[in-house]
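Read the structure below first, then the notes.
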2 protein chains.
Amino acid sequence: MLVGDCVTVMNGLPAGSVDMVFADPPYNLQLGGDLLRPNHSRVEGVEEDWDKFADLATYDRFTRDWLAASRHALKDDGCLWVIGSYHNIFRVGSALQDLGFWLLNDVIWRKTNPMPNFRGRRFTNAHETLIWAAKSKEARYHFAYEAMKSLNDDLQMRSDWLFPLCTGQERIKDADGNKAHPTQKPEALLYRCIMASTEPGDVVLDPFFGTGTTGAVAKRLGRSWIGIEREHQYAQVANARIAAVQEAPNKELLYAPAKRQAPRVPFGWLIERGLLNPGTVLSDQRRKHTAHVRADGMLIGSNHLGDHCGSIHQVGAAMQGLPACNGWTFWHFDAGNGEQRPIDMLRQKVLAELHC
Amino acid sequence: MLVGDCVTVMNGLPAGSVDMVFADPPYNLQLGGDLLRPNHSRVEGVEEDWDKFADLATYDRFTRDWLAASRHALKDDGCLWVIGSYHNIFRVGSALQDLGFWLLNDVIWRKTNPMPNFRGRRFTNAHETLIWAAKSKEARYHFAYEAMKSLNDDLQMRSDWLFPLCTGQERIKDADGNKAHPTQKPEALLYRCIMASTEPGDVVLDPFFGTGTTGAVAKRLGRSWIGIEREHQYAQVANARIAAVQEAPNKELLYAPAKRQAPRVPFGWLIERGLLNPGTVLSDQRRKHTAHVRADGMLIGSNHLGDHCGSIHQVGAAMQGLPACNGWTFWHFDAGNGEQRPIDMLRQKVLAELHC
DNA sequence: AGTAAACGTGAATCGTTGA
DNA sequence: CTCAACGATTCACGTTTAC
């Protein structure tokens, strides 16, 4: 965790020392006057000085500088993620190409609950864009193909991702109840980026650390992290937040091996969304069988019948010595007070979110 | 339908003669060698000469030229749509901003049936990006808000659209059964763009006409169209296709009525026409506030905030202590049996009379 | 206590017309 | 040109308050 200007700090790092950069730079929103909701309440936009640029040329210079410094810090086979909106993402994408980066995908974060367009003058701005890029056309970047497939119902992960905004308990508030940072990103989003393109032990760097979402998820996933933030206040919040994060107890669970068999449901989404954590112990209702959750959505368990590894259905079946098993109703988690709940409850929660 | 170079042709058009440009330019895909499916069949990509550019600078020049020519042809209050992928959309978006266009939305076409990523090295590229831009920040572009809302189950239309690829009957094949054009777009996509940002009778121009999807949909929707295409073969296909399109028999059905466009009805007209009488008591829905109608069309009311006199809007705002209020929907009258109806109902009655 | 209604809010480039 | 008046406009959730 370093407080300071990200360009200076990154240029001071040893060249080629970082496996992945995740950047959430200022979007240069160029907001006009106040925007009122139909009920006349005022929308709190991003009004901080750090999002103010004199003109497009100034923003382009800023973008080129931090991208070049990221390039210096990145390993040759490392990769970079940037998130943005239509205000800035075209400037960022062009600069990436100009600097020699090789674009791998643009990824769409579709929001389940975006802010509406209150004046009815445009389409509801319901998504943000991420760019995933390697350092060069020839680079041998890492892609956890099987893990991504497993996280998506055993279908190839697509370039459009659905997540809710960061609200509720996850959203960090200050003592007065105001949001600590205007643009905090959901951990589920970072989870997918980090799982997709790094391995445990890799170094993840975030030049616009804010309240430290990248660091929190990196720690949870057993990756090392470097956070750079200019504002002391944000850095302080980030430090406290990350200190409270539990690392996965068993590092083995964080690996996403190359081959696996199919689960019938996207169990992995529960993990991405933080409804279950890697390392969590699941058990059947009578507590005769137990298994551990792995980061890529597979279970691991052992009993007198042997060692078991696979989908929630496969492990449930194997441990009972049965030909098949519905893992969603078989496996339970501890909901506090020693109360057991089927993991299907969590699936319903996610399903409810997706109903938009 | 014009055969030739789109820059030359557009620069030859009268300045400001076009309401909307829809452009599907070459994507500059930079494909490497052949791509084989797992069964070793070869994927037919875009291999035509028109998608080959020497380098990024050449592509940028090309982009700037056709965008500038489009700008020349566009009316000041016209708008432009471009579709692209991550290979070219960042160049296009930056060029648009550099040329003074004002971005309104980026819109994601999510494909229901994208081509899988056969190599398993990236996310399935399951979307394309459209940019919707006005000619300037101050331009008064057209947006069919109500039409878009009604096309989306009475919820605001979002920036992510779901459509299948153009396949089956809609996909034009040549005599040998090969696809006539490698990147034919679905008509549903054009339908939404044209409906959203033009009115019947408007002129829609497509500088990369291909097999004429834009013209076919424009004709179907009662819009005029101009198509520019360099390749004779494509132009021929487009002409035959559009000739077979039926225009809507009833032009009335093509209009998307907007509340904004209705003529203004002063509140006083209701009194003049005897729909309300001087002295009538109006109240809000919860009957918390009441006011009296004056013969001159002003309202009078009193509450703990003081005595109020003015327009329906002013008094509604003042009595609620709000900065503004739509009096038409706020105030209600007694329609008999103690039933309350908004005075907007009476305005609709007058509007209907005016339409005869 | 339990259910229902009300309230708050999120990276937002969010008017038009006539005097 | 500016200024004032008109009047059009919201979805999904989590949290709080009311009944």
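Chain A is the first sequence line, chain B the second, and so forth, proteins listed ahead of strands; every chain is numbered from 1. Worth knowing before you read on, the calculation uses all heavy atoms, side chains too, and leaves out hydrogens, waters and symmetry mates.
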What contact category does [X] fall into here, base, sugar-phosphate, or nothing, at under 4.0 angstrom with non-hydrogen atoms?
X        : answer
B/Gly316 : nothing
A/Asp24  : base
B/Leu103 : base
A/Asn28  : nothing
B/Pro266 : nothing
B/Gln156 : sugar-phosphate
A/Thr183 : base

Can you tell which of [options] lies closest to the side chain of [X]?
X        : options                : answer
B/Asn326 : C/dT9, C/dA12, D/dA8   : D/dA8
B/Leu155 : D/dC11, C/dA12, C/dA11 : D/dC11
A/Asn39  : C/dT9, D/dC6, C/dT13   : C/dT9
A/Arg122 : C/dC14, C/dG10, D/dT10 : C/dC14
A/Leu35  : C/dA12, D/dT15, D/dA8  : C/dA12

First of A/His87 and A/Gly177 reached from the 5' end of DNA chain C, by closest nucleotide: A/Gly177
Closest nucleotide of DNA chain C for A/Glu44 versus for B/Lys137: which of these residues is on the 5' side? A/Glu44
Report yes if at least one side-chain N or O of [X] is closer than 4.0 Å to OP1 or OP2 of [N]; otherwise report no.
X        : N      : result
B/Gln314 : D/dG7  : no
A/Arg171 : C/dA11 : yes
A/Arg119 : D/dA8  : no
B/Arg347 : D/dA8  : yes
B/His313 : D/dC6  : no
B/Arg264 : D/dG7  : yes
B/Tyr145 : D/dT9  : no
A/Asn125 : C/dT13 : yes
A/Lys111 : D/dA12 : no
A/Arg42  : C/dC14 : no
B/Ser311 : D/dC6  : yes
A/Lys185 : C/dA11 : no

Taking [atom1] from [X] and [atom2] from [N], how many angstroms apart are they, rounded to a whole number?
X        : N      : atom1 : atom2 : answer
A/Leu165 : D/dC13 : CG    : P     : 10 Å
B/Glu138 : D/dT2  : CD    : P     : 13 Å
A/Phe118 : C/dA12 : CZ    : P     : 9 Å
A/Tyr86  : C/dT13 : OH    : P     : 3 Å
B/Met148 : D/dT9  : CE    : P     : 15 Å
A/Arg110 : C/dG10 : CZ    : C1'   : 18 Å
B/Arg140 : D/dA8  : CZ    : C1'   : 15 Å
A/Asn113 : C/dG10 : CG    : P     : 11 Å

Using heavy atoms to find the nearest nucleotide of DNA chain D for A/Gly168 and A/Arg37 separately, return the residue whose nucleotide is more 5′. A/Arg37
Whichever of B/Ala324 and A/Asn117 has the more 5' nearest nucleotide on DNA chain D, that residue is B/Ala324
Report the secondary structure of DNA chain D in dot-bracket form, marking unpaired bases with a dot and bases paired to a different strand with |, and treating Watson-Crick or G-U pairs with both distances under 3.5 Å as paired. .|||||....|||||||||
Scan side-chain atoms only and decide if [X] and [Y] contain a donor-acceptor pair under the 3.5 Å cut-off.
X        : Y        : answer
A/Asn117 : A/Thr124 : no
A/His127 : A/Asp160 : no
B/Arg287 : B/Ser283 : no
A/Arg241 : A/Thr213 : yes

Listed partners of B/Tyr141 passing ring-ring contact (aromatic ring centres under 6.0 Å, His included), at least two apart: B/Trp132
Given the ring of A/Tyr191, does A/Arg220 sit roughly above its face, with NZ or CZ under 6.0 Å from the centre of the six-membered ring and within 45° of the axis? no
Assess whether a salt bridge exists between B/Asp344 and B/Arg347, defined as any Lys/Arg side-chain N lying under 4.0 Å from an Asp/Glu carboxylate O. yes
Look at A/Arg42 together with A/Glu47 and state whether they make a salt bridge at an N to O cut-off of under 4.0 Å. yes
Whether B/Trp102 stacks on the six-membered ring of C/dT13 base, 5.5 Å and 30° limits: yes
Indicate, with yes or no, if the rings of A/His181 and A/Tyr234 have centres closer together than 6.0 Å. yes
Would A/Phe208 and A/Trp66 count as a close aromatic pair, with their ring centres under 6.0 Å? yes
Between [N] and [M], how far is it from one [atom1] atom to the other, in whole Å?
N      : M     : atom1 : answer
D/dC19 : C/dA1 : C1'   : 12 Å
C/dA12 : D/dA8 : P     : 26 Å
C/dC14 : D/dG7 : C1'   : 15 Å

Does A/Arg121 get its side chain close enough to the base of D/dT9, under 3.5 Å, for a donor-acceptor pair? no
Does A/Gln233 CD have over 12 foreign heavy atoms under 6.0 Å away? no
Taking syn as within 90° of 0 and anti otherwise, name the glycosidic form of C/dT13. syn
